[in-house]
Q: 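Starting off with a structure, shown below.
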2 protein chains.
Amino acid sequence: MKDWLTSLRQKDKRTIAQTITKLENRDPDALAILQQLLPFTGGAHVIGITGPPGAGKSTLIASLLAFLRKQDLTIGVIAIDPSSPYSGGAILGDRIRMNRYAMDDGIYLRSMANRGKVGGISRFTKDSVRVLDAAGFDVILIETVGVGQSELSIMHMTDSICVVLHPGAGDMIQVTKAGVMEIADIYVVNKADLIGASRLIAEIEDMLEISGGKADWAPKVIATNASAHQGIEGLWTLLQKHKQYLKHTGIGEKQRIKQLYHEVEEELWLILEQKCKEVWQQQDFEKRLTMLEKKTVTPQEIAKEVADRLFGMESE
Amino acid sequence: MKDWLTSLRQKDKRTIAQTITKLENRDPDALAILQQLLPFTGGAHVIGITGPPGAGKSTLIASLLAFLRKQDLTIGVIAIDPSSPYSGGAILGDRIRMNRYAMDDGIYLRSMANRGKVGGISRFTKDSVRVLDAAGFDVILIETVGVGQSELSIMHMTDSICVVLHPGAGDMIQVTKAGVMEIADIYVVNKADLIGASRLIAEIEDMLEISGGKADWAPKVIATNASAHQGIEGLWTLLQKHKQYLKHTGIGEKQRIKQLYHEVEEELWLILEQKCKEVWQQQDFEKRLTMLEKKTVTPQEIAKEVADRLFGMESE
């Protein structure tokens with residue numbers, strides 16, 4: 001176990017991959033692994049990169065990686081593959097493009113299948129962040145496609161959040177669809193060479209004026225053109241500013257404690273969900289559902305029955 | 001009990017109010033009441049009216065009430081009071097305006113405080129719908145302020161959903177903030193006499209073209225000016241069309257069964273949440289949280305401890 005931790009702390013790619021996989025599969029060692037890792041976490045700047053498909057998130061990350069490596073910073077990237085209808089060629093292409101970093105020990109890339117469950121994705125991502133954080137990466141980037149509620153979960157595992165948008169038909173509708181309006185610390189208007197970029201920036205600024213943004217930090221807007229490596233340094237400067245803000249105000253620490261609390265809750269619900277499934281399968285509730293459809297039993301009765309069995313189960 | 005049900009079925013306002021309150025307070029009779037009501041439910045057309053503050057939802061409902069009463073239809077209205085920062089004078093004003101219906105037996109109004117909890121609001125609203133449905137109201141309107149995730153819960157208790165918007169600064173940003181983009185069967189552009197109404201309609205139509213909307217039903221857009229009672233008949237025609245669609249395709253029935261299933265789950269989580277709270281209080285987990293903050297215990301361990309106690313609790 002000690003050797004393992006030493007290898008991990010030296011950013012050994014095989015050790016990192018094996019550790020993440022063990023956690024992913026909820027290996028019997030998982031809890032012990034997490035215990036070992038915890039004291040070594042907290043050093044990384046964990047950044048969420050989200051936004052609608054087509055905004056150029058992967059290109060932005062690729063450009064950011066090149067920039068950060070020049071500064072001798074080490075980076076872990078966790079890409080959460082979206083479920084259909086967004087899993088297409090473009091995304092696979094991005095992954096392949098990223099493969100050039102395979103030989104660089106200062107970069108670790110992990111792509112993660114969307115398990116369909118909010119709690120599931122959330123747990124796997126958190127575990128990976130913890131592994132990469134303990135491994136000593138300076139920066140951890142989490143790339144998610146901003147679609148729907150599941151993306152809100154990146155709030156619970158990042159220090160800073162960038163919402164990436166691009167000009168074009170729909171403009172603000174993208175943000176709408178992203179469902180990530182209010183979680184952004186930084187708005188990145190990518191593909192800023194395209195027509196409509198300045199309009200999109202103005203719209204975001206209007207919106208920020210209306211909503212007031214996050215409590216003490218006024219969200220920033222920055223234009224980038226990631227495929228031409230433009231605006232990346234500016235984005236990094238903003239991210240550093242946000243990191244400083246989190247540190248000086250103590251908000252970063254509070255945020256992390258809140259995230260740990262949230263993780264307790266989330267873990268608990270996963271355990272309970274599993275128990276419920278077991279009870280459901282054992283007891284053949286299908287008959288009761290047929291009765292429910294015929295309105296001869298109420299949802300409340302069925303829920304109570306499941307709960308009774310759930311708590312009776314262990315005492316038998 | 002029989003007298004009670006007879007009174008309820010005759011839409012006696014006092015009986016309705018008492019029944020809802022009993023359910024709200026989770027009176028010991030609550031489960032029995034729900035059992036009695038269930039066979040009488042299913043007749044009402046349950047309509048969600050949501051949208052950002054200022055869109056004129058209450059005025060729209062008032063106008064719709066006047067229109068429907070002329071057609072001798074009976075209506076139950078459930079208004080979910082928003083939590084701050086939206087609870088202001090305007091909303092109270094709307095409530096008072098509604099009071100003129102106090103003497104009309106064909107209308108029942110119920111305003112509900114936002115309990116802060118998604119599950120909570122959801123349960124109370126569902127219970128009220130069930131009571132009003134069993135009482136035999138033809139139409140049940142649920143008014144919610146479309147802010148954030150909690151509003152998505154109206155999906156789980158309505159047949160048709162109207163998202164109400166108004167022209168003005170921000171336009172589509174309203175929809176964004178509403179977080180209710182994809183749940184609308186009908187978009188109502190209210191205050192359609194104002195500048196920007198046609199632009200807003202065009203923007204919604206653009207958006208619908210991009211997103212494709214709900215599976216088989218292409219969401220409709222209608223302009224109204226509720227304070228001048230304009231467009232209300234058109235809105236009602238669309239709602240009738242949607243009702244017909246739900247009936248003919250069988251989708252309405254499937255939707256209702258799905259909602260019952262969802263209610264089982266929701267009820268179960270409420271029970272489990274309550275149990276978790278009890279365990280938490282009994283066991284003084286505060287010390288463990290301090291350790292969590294110091295990273296001497298993992299969230300996973302604490303979650304496991306709570307679960308162990310939870311299932312051990314009943315067997316002692």
Q: Using non-hydrogen atoms and a 4.5 Å limit, figure out which bit of B/Arg130 sits close to chain A: side chain, backbone, both or neither.
A: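 Contact with chain A: side chain only.
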Q: Within the structure provided, determine whether A/Glu301 and B/Gln35 are in side-chain contact (heavy-atom separation under 4.5 Å).
A: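 They are in side-chain contact.
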Q: Is chain A contacted by the side chain of B/Ile271, its backbone, both, or neither, given a heavy-atom distance below 4.5 Å?
A: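 For B/Ile271, side-chain heavy atoms alone lie under 4.5 Å from chain A.
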Q: For chain B, which of A/Ala307, A/Gly42, A/Pro39 has the most heavy-atom pairs under 4.5 Å?
A: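 Ranked by heavy-atom pairs under 4.5 Å with chain B, first place is A/Ala307.
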Q: With a 4.0 Å cut-off, would you call B/Arg123 and B/Glu266 a salt bridge?
A: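 Here B/Arg123 does not pair with B/Glu266 in a salt bridge, since their nearest N and O are not under 4.0 Å apart.
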Q: Heavy atoms only, distances under 4.5 angstrom: which of B/Leu260, B/Leu31, B/Leu38, B/Thr298 has the most pairs with chain A? Name it, please.
A: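 Ranked by heavy-atom pairs under 4.5 Å with chain A, first place is B/Leu38.
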Q: What is the ring orientation for A/Trp269 with B/Trp269, classed by angle as parallel under 30°, tilted 30 to 60°, or perpendicular over 60°?
A: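 Rings of A/Trp269 and B/Trp269: perpendicular, as their planes differ by over 60°.
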Q: What residue, out of B/Lys294, B/Lys295, B/Glu253, B/His262, has the most heavy-atom pairs lying under 4.5 Å from chain A?
A: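 Highest number of pairs under 4.5 Å: B/Lys295.
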Q: Would you mind telling me which of A/Thr41, A/Leu37, A/Thr296 has the largest number of heavy-atom pairs within less than 4.5 Å of chain B?
A: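 Highest number of heavy-atom pairs under 4.5 Å: A/Thr41.
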Q: Does B/Glu203 pair with B/Arg199 as a salt bridge, N-O distance under 4.0 Å?
A: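 Between B/Arg199 and B/Glu203 there is a salt bridge, with a charged N closer than 4.0 Å to a carboxylate O.
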Q: Relative to chain A, which segment of B/Lys304 carries a heavy atom at a distance below 4.5 Å: side chain, backbone, both, or neither?
A: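 Both backbone and side chain of B/Lys304 come within 4.5 Å of chain A.
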Q: Does a side-chain N-to-carboxylate-O contact under 4.0 Å join A/Arg26 and A/Asp127?
A: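 Result for this pair is yes, salt bridge flagged.
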Q: By a 4.5 Å heavy-atom criterion (distance strictly below it), what part of B/Ile257 contacts chain A: side chain, backbone, both, or neither?
A: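 It is the side chain, since no backbone atom gets that close.
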Q: Pick from A/Glu293, A/Arg256, A/Glu265: which one has the most heavy-atom pairs with chain B under 4.5 Å?
A: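 Highest number of pairs under 4.5 Å: A/Glu293.
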Q: Is there a side-chain contact between B/Leu23 and B/Phe124 (heavy atoms, below 4.5 Å)?
A: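 No, their side chains stay 4.5 Å or more apart.
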Q: Identify which of A/Leu34, A/Ile302, A/Val297 forms the greatest number of heavy-atom pairs closer than 4.5 Å to chain B.
A: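 Top count of heavy-atom pairs under 4.5 Å with chain B: A/Leu34.
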Q: Taking the side chain as everything from C-beta on, heavy atoms only, tell me whether B/Met157 gets closer than 4.5 Å to B/Thr125.
A: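 Yes - at least one pair of side-chain heavy atoms lies under 4.5 Å apart.
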